[in-house]
Novice: 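Okay, here's the structure, questions in a sec.
Protein chains get the first letters and strands the later ones, always in sequence-line order, with residue 1 at the start of each. Since the model is a prediction, treat every value here as computed from it, not as a measurement.
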Protein chains: 2
Amino acid sequence: MSAPGQAEGAARRPSRQRDAVLGLLEELDGFRSAQDLHTLLRERGDTVGLATVYRALQALVDDGLLDVLRGPDGEAGYRRCSPSHHHHLVCRSCGLTVEVAAPPVERWTARVAAEHGFADVRHDLEVFGTCRGCAARRG
Amino acid sequence: MSAPGQAEGAARRPSRQRDAVLGLLEELDGFRSAQDLHTLLRERGDTVGLATVYRALQALVDDGLLDVLRGPDGEAGYRRCSPSHHHHLVCRSCGLTVEVAAPPVERWTARVAAEHGFADVRHDLEVFGTCRGCAARRG
DNA sequence: GTGCGCATGAGAATCATTCTCGCATATGCC
DNA sequence: GGCATATGCGAGAATGATTCTCATGCGCAC
């Protein structure tokens, strides 16, 4: 609550750690947990605190550079993604993730929301499946 | 892990507590957290342990009688709902929930999954907005 | 070069959820 | 009906992710 003009055009001070987190996510594919990223950074010899990783992730999400996905066990996964609106097709076996646009879904959402008198509408849609590679591997 | 044939046709022993949880959810509208339900049951004078509420909720979810929704803060919400496939339109202000069917979304999901070679597909879709009542209330 | 203020790091604190354990009770067998 | 056994229960401890606290470090403005 004491956050100053962090909101709009406020300059976020550059930080090696934030860059490291973002850089790591650029290299990786699929969703990674905060703890996971922290461990990976440590293994690279990067001295980063776990709290800092969480802070960096939040900042990056605020800036719209990352997507968050919460698994059934309550653990949050983060992924570098394009800033435009999209959804994900995620392989539940290997974590492979494909960004997809869903015009029909957007239209449907808007229509149904209007029909029920809902305003200021947002939606979450994630599609989980088994990708071709994993399906073949398991017979 | 030691659970015997609890899976399919196994008889679940009747329990006052499970009935109480289900009954409470029948009365309520919208998603309620486990802690919330526990508090409500206690206030009614029902002696129920928190762990029991979690167990009952899991059992009911397994039986397909409840829907689970995980909020951004990681807290899970439970709701009594119809057993057929559907999605939710949730008011982010008052929690009012409407079940909706989304044929276009189902079709789109199947098509996109097929295009990318994904099999055994499932999806999660939740729509959040402000219902008419809450919008009016806030001007 | 100096000073201010945000960012950091380590560990403690918090919060939801799950596990453990001893007890109560329903169900099955006789 | 009466006992044996498995399943459900309640309380509190344990777990695991995330957030907070606070002293310190460093970038940027002057």
Side-chain angles (χ1 to χ4, degrees), chain A residues 1-24 31-63 66 68-79, chain B residues 1-24 31-63 66 68-79:
Chain A
M1 305 312 116
S2 58
Q6 193 71 298
E8 292 303 294
R12 205 185 284 288
R13 185 179 297 184
S15 125
R16 177 180 59 77
Q17 288 84 350
R18 184 141 23 80
D19 289 350
V21 169
L22 187 56
L24 182 54
F31 287 84
R32 297 297 178 134
S33 72
Q35 318 258 354
D36 213 0
L37 293 167
H38 178 236
T39 303
L40 287 168
L41 287 171
R42 286 281 170 132
E43 284 174 358
R44 305 194 156 188
D46 231 326
T47 312
V48 182
L50 179 57
T52 301
V53 173
Y54 276 102
R55 274 188 290 242
L57 289 170
Q58 280 183 332
L60 292 166
V61 169
D62 282 350
D63 291 352
L66 301 183
V68 202
L69 195 52
R70 210 171 269 275
D73 56 350
E75 193 179 14
Y78 298 84
R79 179 172 192 269
Chain B
M1 307 314 115
S2 58
Q6 193 70 300
E8 291 304 296
R12 205 185 284 288
R13 187 179 297 185
S15 125
R16 177 181 59 79
Q17 289 83 349
R18 184 143 23 80
D19 288 348
V21 169
L22 187 56
L24 182 53
F31 287 84
R32 297 294 179 139
S33 72
Q35 317 258 356
D36 213 0
L37 293 167
H38 177 237
T39 303
L40 287 170
L41 286 171
R42 285 281 168 131
E43 284 175 358
R44 304 195 157 189
D46 230 326
T47 312
V48 183
L50 179 57
T52 302
V53 173
Y54 277 103
R55 273 188 293 240
L57 289 170
Q58 281 183 332
L60 292 166
V61 168
D62 283 350
D63 290 351
L66 301 183
V68 201
L69 194 51
R70 209 170 270 274
D73 57 348
E75 194 179 12
Y78 298 84
R79 178 173 192 269

Novice: Any side-chain N or O of B:Ser15 below 4.0 angstrom from OP1/OP2 of D:dC9?
Specialist: yes
Novice: Please report the distance, rounded to the nearest Å, between CD in A:Glu75 and P in C:dA16.
Specialist: 18 Å
Novice: If the cut-off is 4.0 Å, is B:Tyr54 near the phosphate of C:dT18, judged by side-chain N/O to OP1 or OP2?
Specialist: no
Novice: Between C:dA26, C:dT17, D:dC28, which one does the side chain of A:Pro14 approach most closely?
Specialist: D:dC28
Novice: Find the distance A:Leu50:CG to D:dT21:P and express it as a whole number of Å.
Specialist: 17 Å
Novice: Send over the distance from A:Gln35 CD to D:dA17 C1', rounded to a whole Å.
Specialist: 6 Å
Novice: Expressed as a whole number of angstroms, how long is the span from A:Arg18:CZ to D:dC26:P?
Specialist: 17 Å
Novice: Measuring from atom CZ of B:Arg42 to atom CG of B:Leu50, what distance do you get when rounded to the nearest 0.5 angstrom?
Specialist: 8.5 Å
Novice: Give me the one residue out of A:Arg70, A:Glu75, A:Arg79 that meets side chain to side chain contact (heavy atoms under 4.5 Å, CB included) with A:Phe31.
Specialist: A:Arg79
Novice: At 4.0 Å (heavy atoms only), tell me whether A:Gln17 reaches a base, stays on the sugar-phosphate, or touches nothing.
Specialist: sugar-phosphate
Novice: To the nearest Å, how far apart are B:Asp73 CG and D:dT19 C1'?
Specialist: 13 Å
Novice: State, yes or no, whether a side-chain contact exists between B:Arg12 and B:Asp62 at a heavy-atom distance under 4.5 Å.
Specialist: yes
Novice: A side-chain contact here means heavy atoms from C-beta on lying under 4.5 Å apart; do A:Arg44 and A:Leu24 qualify?
Specialist: yes
Novice: Report yes if some heavy atom in the side chain of A:Leu37 is under 4.5 Å from a heavy atom in the side chain of A:Leu57; otherwise report no.
Specialist: yes
Novice: Strictly below 4.0 Å: does A:Arg16 bring a side-chain N or O up to OP1 or OP2 of C:dG9?
Specialist: yes
Novice: Identify which nucleotide among D:dT7, D:dG12, C:dG9 has an atom closest to any side-chain atom of A:Val48, counting heavy atoms from C-beta outward.
Specialist: C:dG9
Novice: Could you state the OH-P distance from B:Tyr78 to C:dA16, rounded to the nearest angstrom?
Specialist: 13 Å
Novice: Nearest to the side chain of B:Ala34, which nucleotide is it out of D:dA6, D:dT18, C:dT17?
Specialist: C:dT17
Novice: Restricting to non-hydrogen atoms, name the atom on A:Ala59 and the atom on A:Arg18 that form the minimum distance, rounded to 0.1 Å.
Specialist: CB-CD, 4.0 Å
Novice: Can you tell me the distance, in whole Å, between the CG atom of B:Leu22 and the P atom of D:dG8?
Specialist: 16 Å
Novice: Check whether any side-chain N or O of A:Gln58 sits under 4.0 Å from OP1 or OP2 of D:dT19, and answer yes or no.
Specialist: yes
Novice: For the atom pair CG (A:Leu66) and CD (A:Gln58), what is the distance rounded to the nearest 0.5 Å?
Specialist: 11.5 Å
Novice: Is B:Arg55 side chain donor-acceptor paired with the D:dG10 base, going by distance under 3.5 Å alone?
Specialist: yes
Novice: Let's see if you get this right: which residues in residues 36-47 of chain B place a heavy atom under 4.0 Å from DNA chain D?
Specialist: B:Arg42, B:Thr47
Novice: At 4.0 Å (heavy atoms only), tell me whether B:Thr52 reaches a base, stays on the sugar-phosphate, or touches nothing.
Specialist: base
Novice: Taking atom types as modelled, find out whether A:Gln17 and A:Thr52 have a side-chain donor-acceptor pair closer than 3.5 angstrom.
Specialist: no
Novice: Choose from C:dT17, C:dA26, C:dT8 the nucleotide whose nearest atom is closest to any side-chain atom of B:Arg70.
Specialist: C:dT17
